[in-house]
Amino acid sequence: MTFPLFDLEGRRALVTGSNQGIGYALARGLARHGARIVINGRNPEKVETAAQQLRTEGFDVSAAPFDVTDAKAVADGVAAIEGGEGAIDILINNAGMQFRTPLEDFPIDKWDQMLRTNISSIFYVGQAVARFMIARGEGKIVNIASVQSELARPGIAPYTATKGAVRNLTRGMSTDWARHGLQVNALAPGYFRTPLNQALVDDPKFSAWLETRTPAGRWGDVDELIGAAVFLSSKASSFVTGHMLVVDGGITTSL
Ligand code: NDP
């Protein structure tokens with residue numbers, strides 16, 4: 001074992017869905033621990049703007065816009081990074097979507113889109129990146145799950161289904177790829193004020209409920225996810241695989 005354990009100097013991290021929200025915070029957090037970053041999202045201009053913003057802070061950042069629900073675009077995008085910038089040492093499978101409505105009214109096209117965005121993407125990007133990592137005999141994959149991997153809430157049953165699947169796909173990936181030197185873990189955030197949660201952020205009744213329901217008594221700050229992400233991306237977690245690390249102020253462990 002070599003020290004320090006949490007150093008990401010020179011490691012390249014692809015963070016999907018990182019032009020805003022949790023993905024951007026994690027990209028910036030990994031960069032602050034020495035990683036080179038590849039920013040992703042669907043809109044090339046938004047991706048370049050986020051990448052440029054991080055470059056102004058002195059970080060080594062490139063932009064790779066592609067749609068994580070398009071398997072061909074994913075394969076081409078990952079091959080372009082590996083052949084251009086270089087090896088992807090860390091993959092943060094973060095891109096995701098939310099849509100809230102009672103299950104009896106849930107539109108079928110939204111169900112399909114949610115499955116593609118929240119779970120198929122993890123298989124597409126995970127497989128494409130893992131093939132390169134397996135050839136090198138090492139790699140770190142962190143799949144962004146949710147407290148909804150464990151608990152249901154009204155109006156988001158399909159989201160809950162996808163996030164439960166993220167947890168189990170993480171277990172499957174870790175089981176298949178551990179012998180190749182890869183560690184695959186999930187990071188499960190509680191509630192954070194991002195565009196995905198805008199409707200909840202704008203609803204004072206929800207905040208009141210959340211602050212009572214959460215033992216820590218508040219929303220999370222996206223920067224509070226960085227420590228867990230760095231741990232799961234670094235050699236500090238070299239014998240941790242198939243695990244889901246929950247960062248939620250205590251929601252999932254309390255009634
Ligand atoms: P945001 O909506 O703020 O950001 C989502 C990101 O994903 C954007 O950068 C978006 O970029 C990108 N994205 C969406 N669809 C695609 C796609 N098909 N291809 C490529 N990129 C895509 O969400 P959050 O930051 O809140 O969420 C990030 C992750 O964290 C998600 O997986 C979410 O489920 C999870 N999570 C969030 C929690 C929270 O409290 N916010 C709690 C628990 C889990 P663009 O639209 O420009 O393509």
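Read the numbers this way: they start at 1 and go in the same order the structure lists the ligands and their atoms.
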Counting N and O atoms only, with roles assigned by atom type, does the side chain of [X] sit under 3.5 Å from a partner on the main chain of [Y], one being a donor and the other an acceptor?
X: R42; Y: D67; answer: no
X: T101; Y: F106; answer: no
X: K235; Y: P4; answer: yes
X: S149; Y: K163; answer: yes
X: T194; Y: I22; answer: no
X: N185; Y: V240; answer: yes

Quick one: which of [options] has a heavy atom closest to [atom]?
atom: atom 2 (O) of ligand 1; options: Q113, Q20, Q198; value: Q20
atom: atom 44 (C) of ligand 1; options: A25, G96, A145; value: A145
atom: atom 47 (O) of ligand 1; options: K46, Q98, K163; value: K46
atom: atom 35 (C) of ligand 1; options: I144, V68, I92, V15; value: I144
atom: atom 41 (N) of ligand 1; options: V222, T194, V201; value: T194

Heavy-atom check, side chain of [X] versus side chain of [Y], under 4.5 Å:
X: T49; Y: N19; value: no
X: I92; Y: I144; value: yes
X: Q20; Y: K46; value: yes

Protein contact to [atom] [nearest heavy atom, distance to 0.1 Å]:
atom: atom 43 (C) of ligand 1; result: P189 O, 3.4 Å
atom: atom 11 (O) of ligand 1; result: N19 ND2, 3.4 Å
atom: atom 23 (O) of ligand 1; result: L196 CB, 3.3 Å
atom: atom 33 (C) of ligand 1; result: Y159 OH, 3.5 Å
atom: atom 46 (O) of ligand 1; result: R42 NH2, 2.8 Å
atom: atom 25 (O) of ligand 1; result: I22 N, 2.8 Å
atom: atom 12 (C) of ligand 1; result: G17 CA, 3.5 Å
atom: atom 42 (C) of ligand 1; result: G190 O, 2.9 Å

- [ ] Count the heavy atoms of every other residue, nucleotide or ligand shown that sit under 6.0 Å from CD of E45, and state whether that count exceeds 12.
- [x]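 For E45, atom CD is not crowded (no more than 12 foreign heavy atoms under 6.0 Å).
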
Open item on the list: Take a 6.0 Å sphere around CZ of R32 and say whether it holds more than 12 heavy atoms from other residues, nucleotides or ligands.
Closed with: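 No, the 6.0 Å shell around CZ holds no more than 12 heavy atoms from other groups.
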
Relative to the heavy atoms of [X], which atoms of ligand 1 are at a distance of less than 4.0 Å?
X: A95; value: 7 (O), 13 (N), 21 (N), 22 (C), 32 (O)
X: G21; value: 3 (O), 25 (O)
X: D67; value: 17 (C), 18 (N), 19 (N)
X: F66; value: 19 (N), 20 (C)
X: P195; value: 3 (O)
X: F192; value: 39 (C), 40 (O), 41 (N)
X: T69; value: 18 (N)

- [ ] Check the angle between the aromatic planes of Y191 and F206 and answer parallel, tilted or perpendicular using the 30° and 60° thresholds.
- [x]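 Judged by the thresholds at 30° and 60°, the geometry between Y191 and F206 is tilted.
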
TODO: Before accepting this row, confirm whether a basic side-chain N of the pair R131/E82 lies closer than 4.0 Å to the acidic partner's carboxylate O.
DONE: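 No, this pair does not count.
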
Open item on the list: Less than 4.0 angstrom from a charged side-chain N to a carboxylate O is my criterion; do K72 and D76 meet it?
Closed with: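 Salt bridge present between K72 and D76.
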
Heavy-atom contacts under 4.0 Å between [X] and ligand 1: side chain, backbone, both, or neither?
X: Y191; result: backbone
X: N197; result: side chain
X: N40; result: side chain
X: T117; result: side chain

Open item on the list: If we count only N and O atoms by modelled type, under 3.5 Å, do the side chains of Q113 and R116 hold a donor and an acceptor together?
Closed with: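 Judged by distance alone, the side chains do not pair up.
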
Open item on the list: I'd like to know if the side chain of K140 pairs up with that of S237 as donor and acceptor (distance under 3.5 Å, no hydrogens or angles considered).
Closed with: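 Result is yes, a qualifying pair exists.
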
Any heavy atom of [X] sitting closer than 4.0 Å to ligand 1?
X: Y24; answer: no
X: M97; answer: no
X: N94; answer: yes
X: Q148; answer: no

